[in-house]
Amino acid sequence: MDRALPPDFYDRDVVTVAVDMLGMLLVSRTREGLAAGRIVEVEAYLSRGDAACHASRGETPGNAAMFGRPGIAYVYPIHSHCCFNVVTQAEGEPSAVLVRAVEPCRGEALMNRRRGTVPEFDLARGPGRLCKALGIDRGRNRYDLTRGRGLWIERSPGATREEPAYCSPRIGVTAARDLYLRFFLLGNPCVSGPRQPARKRSLEFQVGTSSVE
DNA sequence: CTACCGATTGACT
DNA sequence: GTCAATCGGTAGA
């Protein structure tokens, strides 16, 4: 399938990939059906100098996917939820982009069935909720995202991202609070984290406009 | 084996 | 804003 982003997309610097992913479509197809959403919030985890990265203390059975080929999924459990990442950069440079939130675009009824009755903007707002809404579980760990079969990322139909990307410290991490590696579309209601008045957003900075041609 | 802990969520003050 | 539930991964005895 040519709609799925190719391996080359993922074989780049993790921050570049993270920002480029904003505005793109994350698509999941299971036996239950198809569900998809526009990516509005991500976080980068660096292969070096990032104490918050799972790979920072070496390879273990649990984080081995991060050491694999760029373009595969890294799905891991936490607090009885799952988080979905895409592996980036060269093999052996264990870095990944955590997808924290998507704006539902297709399969909202299916997502609602999986998540229960919640407002639509809440369906995939947060990494654990996103996995539940899209039916992503640990069976997707190491899944190849470049084939366009059950789980992939594609460019939004005809689309360039028009909104600027903003950055902030990552959410929920205690280590490396000084790294501004969370990227999101400011003001989008599907972005997770605290909803604050504009004047209180002192930790958020614009990082650029769309890098998609 | 036990102990500790977290890239979360949902309920509650 | 705060906090507890909950559970697999990991390290250590």
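Quick note: numbers below take in every heavy atom, side chains included, and nothing from hydrogens, waters or symmetry partners. Lettering of chains follows the sequences in order, A, B, ..., and the numbering in each one begins at 1.
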> Just wondering, do A:Tyr76 and B:dA7 stack (centres under 5.5 Å, planes under 30°)?
Replying inline: no
>> If you only use heavy atoms from C-beta on, which nucleotide in C:dT10, B:dT8, C:dG8 is closest to the side chain of A:Pro127?
In response: B:dT8
> Closest to the A:His79 side chain: C:dG9, B:dG6, B:dA7?
Replying inline: B:dG6
> Salt bridge between A:Asp137 and A:Lys132, side-chain N to carboxylate O under 4.0 Å?
Replying inline: no
>> Could you tell me how far apart A:Tyr74 (OH) and C:dG8 (P) are, to the nearest whole angstrom?
In response: 15 Å
> NA contact type, A:Arg57, heavy-atom cut-off 4.0 Å: base, sugar-phosphate, or nothing?
Replying inline: nothing
> Between C:dT6, C:dT10, B:dT8, which nucleotide has the shortest distance from any of its atoms to the side chain of A:Ile78?
Replying inline: B:dT8
> Paired with C:dG9: which nucleotide, if any, by Watson-Crick or G-U wobble criteria at under 3.5 Å for both distances?
Replying inline: B:dC4
>> Out of the candidates A:Pro104, A:Pro189, A:Cys190, only one should pair with A:Glu120 under the side chain to side chain contact (heavy atoms under 4.5 Å, CB included) rule; please name it.
In response: A:Pro104
> Using a cut-off of 4.0 Å on non-hydrogen atoms, how would the nucleic acid contact of A:Asn63 be classed: base, sugar-phosphate, or nothing?
Replying inline: sugar-phosphate
>> Can you see if the side chain of A:Arg177 gets near the phosphate of B:dA7 - specifically, an N or O under 4.0 Å from OP1 or OP2?
In response: no
> Is the phosphate of B:dG10, meaning OP1 or OP2, less than 4.0 Å from a side-chain N or O of A:Arg115?
Replying inline: yes
> Between atom NE2 in A:His54 and atom P in C:dG8, what is the gap in whole Å?
Replying inline: 16 Å
> Taking CD1 from A:Ile171 and P from B:dA7, how many angstroms apart are they, rounded to a whole number?
Replying inline: 13 Å
> Just how far, in rounded Å, is C1' of B:dT9 from CG of A:Leu130?
Replying inline: 14 Å
> How are the rings of A:His54 and A:Tyr74 set to each other: parallel, tilted or perpendicular (split at 30° and 60°)?
Replying inline: perpendicular
>> Distance check needed: B:dT8 P versus A:Arg125 CZ, whole Å only.
In response: 13 Å
>> Starting the side chain at C-beta, find the nucleotide from C:dG8, C:dT10, B:dT8 nearest to A:Arg138.
In response: C:dG8
> A:Tyr45 ring centre to A:Arg170 NZ or CZ under 6.0 Å, with the angle to the axis within 45°?
Replying inline: yes
> Under 4.0 Å: is that the gap between some side-chain N or O of A:Arg100 and OP1 or OP2 of B:dT8?
Replying inline: yes
>> Of the options B:dT9, C:dG9, C:dT10, whose atoms approach the side-chain atoms of A:Arg129 most closely?
In response: B:dT9
> Are any side-chain N or O atoms of A:Arg12 and backbone N or O atoms of A:Phe9, one a donor and one an acceptor, separated by less than 3.5 Å?
Replying inline: yes
